Visitor: 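The following block contains the structure, expressed as structure tokens.
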Amino acid sequence: MSSELLQQAKSAKDVAAAEALYNQILAAPVSSNQTEAQLKEGLEIQEEALLRLGELYRDQKNAEGIAQVIFKSRAFMSSTAKAKTAKLIRTLLDYFNPIPSSTAIQISVLKDNIEWAASEKRIFLKQSLQLRLASIYLSTQSHKAALSLIDSLLAELRRLDDKLVLTELHLLESRVYRAIGNFPKSKASLTSSRTAANSIYCPPHLQCQLDLQSGILHAEDKDYTTAYSYFFEAFENLSNQGAEAEGKALEALKYMLLCKIMLNLPEDVTALLSVKLATKFSQVKDVESMRAVARAHQKRNLADFEKALKVYKDELSSDETIRSHLAALYDTLLEQNLLRIVEPYSVVEVEYVAKVVGQERQAVELKLSQMILDKVLHGVLDQGRGCLVLYDEQAEHGTYSAAIKMISQVEDVVESLYAKVRLYIRTTIIC
């Protein structure tokens, strides 16, 4: 009977009719009089009905419907193996991902199911759901809540010594600390994650995530060469994991292109995109955005750089890593352009410099002040005349260095005499 209802639901053209049939299958009680084969078949039909109903609500962008499916699945999960239960609930939770503005419902569903898993003594399912909840907290920038949940979960996992989940949790902790700008703790968490991963078989997708995070942290330290090697390793492995990993592979490729740009090798971008694994991404808009930035950087053209940032705003601003490094690159380009413009002059109007560089006067004045304070420029801003007065770079006077050296030597002599006096007094007292 249930199998017939399932076939009808699959072939139903009307969404409401299919929904009603799936719900009818799920509402059917499992009889204790059934044989083992019948019971197994009935559970398989219910599992398929749950998944198909979830897919139906996903396609309809019905987050509330998916939440109801997850709630209904508890009766089914009580009759199945725990490993199968965890896989089913993860699959159903994944159906939320394509639905916009479903984060609040996801958090509510996860909290509810964490409580249910705890009451049913399903410890591993509870930990898996808590890890997912902490990840959502990170995506919603609820960093305090994420860290609090991670700390409580770490205490449990250390007792159980579950290295795989520990690897994932420390990696997530590293991302949270990186998001709040605490790079020392982010590196420490990543080291803990790698240590846990080294003692077990680390799944390829998790190894790729570790490599990506390592590359990101090396890039924050301006070590773009090492960062590139990590990104390349991640890209190569992700490219071999099939269509489901293409999104992450594209992310790794973008970071590789970013490293080439930040290493002042924008000409390498074209060569990199001609590599076999990268060719399928060459026409993707995300890659086009990085190519446009590379062209602007190669020409040292600030206007082209700004144009690329505006045209590809979504692609370049959505990723925190790319956004922060391109902001630093923009600042460097502006500095290089200003140095090139003011180099022939001893006195130049700030208004003229702003006009040539294509920026507002206030922004240029602020940048020139910063360059003077950083001793990149030797000069002063004459506010009265609105001019920049430049001086020739003066060599450090030798007399000053000699005086400092002599004072240092005198200090060493005084310390030596003081030590001898203390030794003499101690010897006299003993005698």
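Not measured: the values here are computed from a predicted model. For reference, positions follow the sequence shown, starting with 1.
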Visitor: Would you find more than 12 non-hydrogen atoms of other residues, nucleotides or ligands less than 6.0 Å from Phe71 atom CZ?
Guide: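 Result for CZ/Phe71: open.
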Visitor: Nearest 0.5 Å, what's the CD-CG distance between Glu19 and Leu53?
Guide: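 Separation between the atoms: 6.5 Å.
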Visitor: Identify every side-chain donor-acceptor pair in residues 365-373 under 3.5 Å, counting partners at least two apart or on other chains, and give the distances.
Guide:
residue, atom, partner, partner atom, Å
Lys367, NZ, Asp331, OD1, 3.2
Lys367, NZ, Asp331, OD2, 2.9
Ser369, OG, Glu365, O, 2.9

Visitor: Angle between ring planes, His325 versus Tyr224, binned at 30° and 60°: parallel, tilted or perpendicular?
Guide: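 It falls in the perpendicular class, over 60°.
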Visitor: Provide the closest heavy-atom pair for Ser102 versus Phe96 in the form atom of the first, atom of the second, distance.
Guide: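 Nearest pair, atom of Ser102 first, then Phe96: OG-O, 3.3 Å.
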Visitor: Does this structure show an ion pair linking Arg52 with Glu48, if we count only N-O contacts that are shorter than 4.0 Å?
Guide: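 Salt bridge between Arg52 and Glu48, a charged N being under 4.0 Å from a carboxylate O: yes.
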Visitor: Indicate yes or no: does Arg291 engage Glu288 in a salt bridge with an N to O separation below 4.0 Å.
Guide: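 A salt bridge is present here (some side-chain N lies under 4.0 Å from a carboxylate O).
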Visitor: Salt bridge or not between Lys307 and Asp304? Use side-chain N to carboxylate O under 4.0 Å.
Guide: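 The answer is no: the pair does not qualify as a salt bridge.
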Visitor: Do other residues, nucleotides or ligands put more than 12 heavy atoms under 6.0 Å from Glu64 CD?
Guide: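 Open: at most 12 neighbouring heavy atoms sit under 6.0 Å from CD of Glu64.
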Visitor: With sequence neighbours left out, write down each residue that passes side chain to side chain donor-acceptor pair (under 3.5 Å) with Asp112, or none if nothing qualifies.
Guide: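 In terms of side chain to side chain donor-acceptor pair (under 3.5 Å), with neighbours along the sequence ignored, Asp112 is linked to Arg74.
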Visitor: Can you sort out the partners of Glu47 under salt bridge (charged side-chain N to carboxylate O under 4.0 Å, His left out), two or more places apart, ordered by chain and number?
Guide: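 Residues passing salt bridge (charged side-chain N to carboxylate O under 4.0 Å, His left out) with Glu47: Lys84.
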Visitor: Let me confirm one number: the CG-CG distance from Leu131 to Leu153, rounded to the nearest 0.5 Å.
Guide: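 Result: 6.5 Å between the selected atoms.
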Visitor: Using the salt bridge (charged side-chain N to carboxylate O under 4.0 Å, His left out) definition, which of the options Glu120, Glu156, Glu115 pairs with Lys126?
Guide: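 Filter result, single survivor: Glu156.
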Visitor: Going by distance alone, is a donor N or O of one side chain under 3.5 Å from an acceptor N or O of the other, for Arg175 and Ser139?
Guide: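 There is no such pair between these side chains.
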Visitor: Are the side chains of Pro266 and Lys260 in touch, meaning some heavy atoms are under 4.5 Å apart?
Guide: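 The answer is no; the side chains never approach within 4.5 Å.
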Visitor: If a pair satisfies side chain to side chain donor-acceptor pair (under 3.5 Å) and one of its residues is in residues 261-272, list it, with sequence neighbours excluded.
Guide: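 Side chain to side chain donor-acceptor pair (under 3.5 Å) check on residues 261-272 returns Asn264-His297.
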Visitor: Would you check if there is a donor-acceptor pair between the side chains of Thr103 and Thr140 at a distance under 3.5 Å?
Guide: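 No, because no side-chain N or O of Thr140 sits under 3.5 Å from a partner of the opposite role on Thr103.
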Visitor: Counting C-beta onward and ignoring hydrogens, is there a side-chain heavy-atom pair between Gln241 and Leu238 closer than 4.5 Å?
Guide: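 Counting from C-beta outward, Gln241 and Leu238 do come under 4.5 Å.
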Visitor: Which residues satisfy the ring-ring contact (aromatic ring centres under 6.0 Å, His included) test with Tyr95, sequence neighbours excluded?
Guide: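 By the ring-ring contact (aromatic ring centres under 6.0 Å, His included) rule, Tyr95 matches no residue at all.
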Visitor: How long is the span from the CG atom in Leu147 to the CD1 atom in Ile180, to the nearest 0.5 Å?
Guide: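 One gets 5.5 Å once the value is rounded to the nearest 0.5 Å.
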Visitor: Can you see which heavy atom on Ala134 is nearest to which on Leu149, and at what distance?
Guide: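 That closest heavy-atom pairing would be N-CD2, 3.7 Å.
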Visitor: Looking only at heavy atoms, what is the nearest atom pair of Asp211 and Glu233, with distance?
Guide: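 Heavy atoms only, the tightest pair is OD2-CG, 3.6 Å.
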Visitor: Would you call Arg178 and Glu320 a salt bridge, using N to O less than 4.0 angstrom?
Guide: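 Salt bridge absent between Arg178 and Glu320.
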Visitor: With sequence neighbours excluded, tell me which residues meet ring-ring contact (aromatic ring centres under 6.0 Å, His included) with Tyr330.
Guide: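 Partners of Tyr330 by the ring-ring contact (aromatic ring centres under 6.0 Å, His included) criterion, ordered by chain and then number, come out as Phe305.
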Visitor: So which heavy atom on Ile105 is nearest to which on Ala63, and how close?
Guide: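 Closest approach of Ile105 to Ala63, heavy atoms only: CD1-CB, 3.6 Å.
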